[in-house]
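Written out below as structure tokens is the structure these notes cover.
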Amino acid sequence: ILTHGRNLDEGIQVVPHLSSLIEDFEDTADLEISTGGEAVVSSSQVEGMVRRGYRVDFDGGQWWNLTKDLSRLELTSYPAISLTLKGSGYVRLQLNGRERPDGSDGEQWSVSIELPEEWQTLTYMSSDFTRESNIPKGNKPLEFSSIESLQLKHHGKAPNGYFVIDQLGMVGDRPSDIGLISVPGSEIP
């Protein structure tokens, strides 16, 4: 995991330059929330790191998922995925592979995220993800090109918490893919 923090003295946050923006949360019509086992989840657009973000509040229950379909995107040439978020509690970022020809679920990989209290940009290489152990048998190493959907989720007895997410995208591997952006209310020197 690569973490890019905030320099509060200068009002600057170092974040990856997104080579390919997946979601900016300005229009959230294509996001889907599913719940089960009495989970209570609410969501709304709020002020984000860059314009609008998306807030999800979760309260107990068995499980919930926030899903973004990626099936129409070409993710072949990117070595990392990046998201900017803040919140309380923890979630899993899960990447789901394409459905198999026989109709069974595709391969799945995940990484656990302890939600930071302040905006933080997290960048994950494919090697940071762990294969889901229960489905399906024969998972192979993660290749971003095989991903069909992305989920922020919680399974099992979920604690109460929330997160606000903004600027989800893929990051290239060139030095120029790291950039500077202004923290809201500050100026870039």
Side-chain angles (χ1 to χ4, degrees), residues 1-8 10-35 39-61 63-73 75 78 80-96 110-124 128-129 144 147 149-155 158-172 177-188:
I1 179 174
L2 305 173
T3 303
H4 304 282
R6 178 181 291 198
N7 181 337
L8 294 175
E10 295 178 19
I12 298 297
Q13 180 172 2
V14 178
V15 299
H17 169 73
L18 297 177
S19 301
S20 176
L21 183 65
I22 292 173
E23 179 65 65
D24 62 4
F25 301 94
E26 299 301 309
D27 176 11
T28 58
D30 61 344
L31 298 176
E32 179 184 330
I33 293 183
S34 305
T35 63
V40 177
V41 178
S42 61
S43 63
S44 61
Q45 284 186 300
V46 296
E47 181 180 341
M49 181 66 149
V50 179
R51 294 184 298 278
R52 287 184 178 174
Y54 193 66
R55 181 178 172 124
V56 175
D57 292 274
F58 48 94
D59 185 6
W63 63 269
W64 57 265
N65 301 327
L66 170 65
T67 303
K68 170 71 178 173
D69 179 17
L70 305 177
S71 61
R72 295 185 178 153
L73 300 177
L75 305 178
Y78 303 107
I81 190 166
S82 178
L83 62 157
T84 301
L85 77 169
K86 67 178 180 175
S88 70
Y90 61 94
V91 296
R92 272 188 4 220
L93 171 60
Q94 180 175 298
L95 303 178
N96 302 303
S110 66
V111 64
S112 292
I113 300 173
E114 185 166 342
L115 296 165
E117 291 180 23
E118 298 294 326
W119 285 112
Q120 191 168 18
T121 298
L122 304 175
T123 301
Y124 297 98
D128 293 321
F129 287 83
F144 287 123
I147 298 306
S149 68
L150 172 147
Q151 293 179 323
L152 285 168
K153 65 190 305 176
H154 199 293
H155 279 229
N160 301 344
Y162 82 95
F163 65 88
V164 181
I165 184 169
D166 198 354
Q167 303 303 301
L168 170 65
M170 301 304 292
V171 179
D177 288 331
I178 301 296
L180 295 177
I181 68 168
S182 173
V183 172
S186 64
E187 296 180 20
I188 296 177

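Side-chain atoms are counted along with the backbone in the values below, which use heavy atoms only and exclude waters and symmetry mates. Quick caveat: nothing in here was measured; it's all calculated off a predicted structure.
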Kindly determine whether F25 and R51 satisfy side-chain contact (heavy atoms from CB on, under 4.5 Å), including the steps that lead there. CA-CA 9 Å; F25 301 94; R51 294 184 298 278; over 6 Å; no

Non-hydrogen side-chain atoms of L115 and Y162 separated by less than 4.5 Å: no

Could you go through the side chain to side chain donor-acceptor pair (under 3.5 Å) check for N65 and T67 one step at a time? CA-CA 6 Å; N65 301 327; T67 303; 5.1 Å; no

Please check if the side chain of Q120 supplies one atom and the backbone of K86 the other of a donor-acceptor pair under 3.5 Å. no

Any L83 side-chain heavy atom under 4.5 Å of I165 side chain: yes

Rounded to the nearest 0.5 Å, how far apart are CD of E118 and CE of M49? 10.0 Å

Would you say that L31 contacts K68 through its side chain, given a criterion of any heavy-atom pair below 4.5 Å between the two side chains? yes

Heavy-atom nearest pair, T28 first then Q45, reads CG2-NE2, 3.7 Å

Go through it in stages, so that I can follow the logic: the residues are W64 and D59, the test is side-chain contact (heavy atoms from CB on, under 4.5 Å), and I'd like the CA-CA distance, side-chain angles, deciding distance and then a yes or no. CA-CA 10 Å; W64 57 265; D59 185 6; over 6 Å; no

Rounded to the nearest 0.5 angstrom, the NE2-OG1 distance for H154 and T35 is 14.5 Å

Less than 4.5 Å apart, side chain to side chain, heavy atoms only: is that true for Q167 and L21? yes

Closest non-hydrogen contact found for T121 with T84 is OG1-OG1, 2.8 Å

What is the minimum heavy-atom distance between L85 and P116, and which atoms define it? O-CG, 3.6 Å

Please tell me if the side chains of L66 and F163 come closer than 4.5 Å, counting only heavy atoms from C-beta onward. yes

Quick check for you: to the nearest 0.5 Å, what is the distance between N96 atom CG and D69 atom CG? 10.5 Å

Is the shortest heavy-atom distance from the side chain of M170 to the side chain of L73 under 4.5 Å? no

Consider side-chain contact (heavy atoms from CB on, under 4.5 Å). Of V111, V171, I147, L150, which one does I81 pass it with? L150

How far apart are the closest heavy atoms of Y124 and F144, and which atoms are they? O-CZ, 4.1 Å

With rounding to the nearest 0.5 angstrom, report the CG to OG distance, L168 to S82. 8.0 Å

Between CZ on residue R52 and CD on residue E47, distance to nearest 0.5 Å: 11.5 Å

Is the shortest heavy-atom distance from the side chain of E23 to the side chain of D30 under 4.5 Å? yes

OH on Y54 to CG on D24, rounded to 0.5 Å: 13.5 Å

Measure the shortest side-chain to side-chain distance between S43 and V56 over non-hydrogen atoms and say whether it is less than 4.5 angstrom. yes

